[in-house]
Amino acid sequence: MKGWYLLAGLLWFTPLAWAELPPPVDFEVKPITAGELPKELREVVGLMSPENAFRANFLMSTYSKGSTRPVNQKGRFTFDNAQGMLVQTIEPEKEALLISQEGVFSLDTQGKHHLAEDPGIFPKLREFFEGRFEQLASEAKLRFGTQDYQWELIIEPESGTLAGRVTQMRLRGERGALLWVRIAEKDLTVTSIRLYSFQRFKHPLGETEFFYLAPVQDFIP
């Protein structure tokens, strides 16, 4: 395996042959503070904060310095506030990666194997989904904007674990659904992740639900 770990760990996987999807069109964003959140961002947080988990399919392109073509992957992504992030690639190879507060782990039939410490992405995403902007803003500059029904939050880490590797995270969504994540690293690696078939859940996922072994009935339409 090569690269970093998506939202840390996704960069560990190998390329696909399909063409990369273009990035979303930019729209205006402005600096924000935790004490004065825009009305639109409060509405987004209001939609997301009651949730405890979500899952979606993803298409991801990773660009490395000096490379002429992106590395592409396809798979499933599951996020649970308590258990962490589960990244399951379907193509080009079937692999699974768990990112939690305990670290980054590869998963196989023999169990889970520790690869590295958590690089800081899971805690920052959890702060966003739970609406804890005081903590988020204490370690990063924040910018936010809307266009039609879409919104975008830009996080630029200045301190903490994440600042050691990441220069910018962009989160783009529509209402209560996260649709696109872009991670720019200090070594000039850029990872662009499109999420689709987004499904939100009211309650924390059980172990069999989290590892995609059982259906979840209480999803939010």
| Got a second to check how far E95's CD is from Q73's CD, nearest 0.5 Å? | 9.5 Å

| D187 and K65: side-chain contact (heavy atoms from CB on, under 4.5 Å), yes or no, with the steps? | CA-CA 7 Å; D187 65 0; K65 182 180 179 181; over 6 Å; no

| said: How close do W151 and E174 get, counting heavy atoms only, and between which atoms? | reply: NE1-N, 3.6 Å

| query | Taking the side chain as C-beta and beyond, is there a heavy-atom pair between V190 and T62 under 4.5 Å? | reply | no

| field | Within-4.5 Å side-chain heavy-atom neighbours: T189 and I183 | value | no

| message | Side-chain heavy atoms nearer than 4.5 Å, only ILVMFWY residues, links allowed to pass through others: does that put M85 and L179 together? | response | no

| Can you name the closest pair of heavy atoms from V44 and F128 and give their distance? | CG1-CZ, 4.5 Å

| field | N/O donor-acceptor pair under 3.5 Å between R194 side chain and M60 backbone | value | no

| said: Nearest 0.5 Å, please: how far is CG in L86 from CZ in F105? | reply: 13.0 Å

| request: May I ask you to test the L125-M169 pair for a side-chain heavy-atom distance under 4.5 Å? | output: yes

| query | Could you state the interatomic distance from CZ (F201) to CZ (F79), rounded to the nearest 0.5 Å? | reply | 13.0 Å

| request: Please tell me if the side chains of L136 and I155 come closer than 4.5 Å, counting only heavy atoms from C-beta onward. | output: yes

| Would you say R170 and E152 make side-chain contact, with heavy atoms under 4.5 Å? | yes

| task | Please report the C-alpha distance between F54 and N81 in whole Å, then the side-chain angles of each, then the deciding distance to 0.1 Å, and finally whether the side-chain contact (heavy atoms from CB on, under 4.5 Å) criterion is met. | result | CA-CA 9 Å; F54 71 82; N81 280 348; over 6 Å; no

| Flag, side chain of H113 to backbone of L115, donor-acceptor distance under 3.5 Å | no

| request: Output yes when a side-chain donor or acceptor of D80 lies under 3.5 Å from a complementary backbone atom of L205, and no otherwise. | output: yes

| said: Regarding K94 and D108, does a basic nitrogen lie under 4.0 Å from an acidic carboxylate oxygen? | reply: no

| note | Residues at least two apart in sequence or cross-chain that pass side chain to side chain donor-acceptor pair (under 3.5 Å) with R126, listed by chain then number, are none

| note | Residue pairs passing the salt bridge (charged side-chain N to carboxylate O under 4.0 Å, His left out) test with at least one member in residues 133-149, sequence neighbours excluded, are K124-E139, K141-E158, R143-E156

| remark: Cluster membership besides I154, Ile/Leu/Val/Met/Phe/Trp/Tyr side chains within less than 4.5 angstrom, sorted by chain and number, is V29

| message | Checking the side chain of K112 only, and the main-chain atoms of V104 only, is there a donor and an acceptor separated by less than 3.5 Å? | response | no

| At their closest point, which heavy atom of S138 faces which heavy atom of S159, and how far apart are they? | O-OG, 4.0 Å

| query | Are L59 and L195 close enough, and set up right, to give a side-chain contact (heavy atoms from CB on, under 4.5 Å), and what steps lead you there? | reply | CA-CA 7 Å; L59 296 172; L195 300 173; over 6 Å; no

| task | With rounding to the nearest 0.5 Å, note down the distance linking OG1 in T167 to NZ in K186. | result | 8.5 Å

| Is the backbone N or O of E91 less than 3.5 Å from a side-chain atom of T89, with the two atoms forming a donor-acceptor pair by type? | no

| request: Find the distance between CZ (R200) and CZ (F129) and round it off to the nearest 0.5 Å. | output: 11.0 Å

| Closest heavy-atom contact between G206 and E209? | N-OE1, 2.8 Å

| query | Hey, what do you get for CZ (F133) to CZ (F144), rounding to the nearest 0.5 Å? | reply | 8.0 Å

| said: Between S61 and N72 (side chain of the first, backbone of the second, donor and acceptor by atom type, cut-off under 3.5 Å), is there such a pair? | reply: no

| Mind checking whether L97 and L107 have side chains closer than 4.5 Å, heavy atoms only? | no

| task | List the atom of Y196, the atom of A56, and the distance in Å for their closest heavy-atom pair. | result | O-CB, 3.5 Å

| request: State, with a plain yes or no, whether a side-chain heavy atom of W180 is found less than 4.5 Å away from one of L171. | output: no

| Sidechain-backbone polar pair: T146 side chain, Q150 backbone, donor-acceptor under 3.5 Å | no

| note | Note: V45 and G131 closest approach over all heavy atoms is CG1-CA, 3.6 Å

| said: Any non-hydrogen side-chain atom of F58 less than 4.5 Å from a side-chain atom of V181? | reply: no

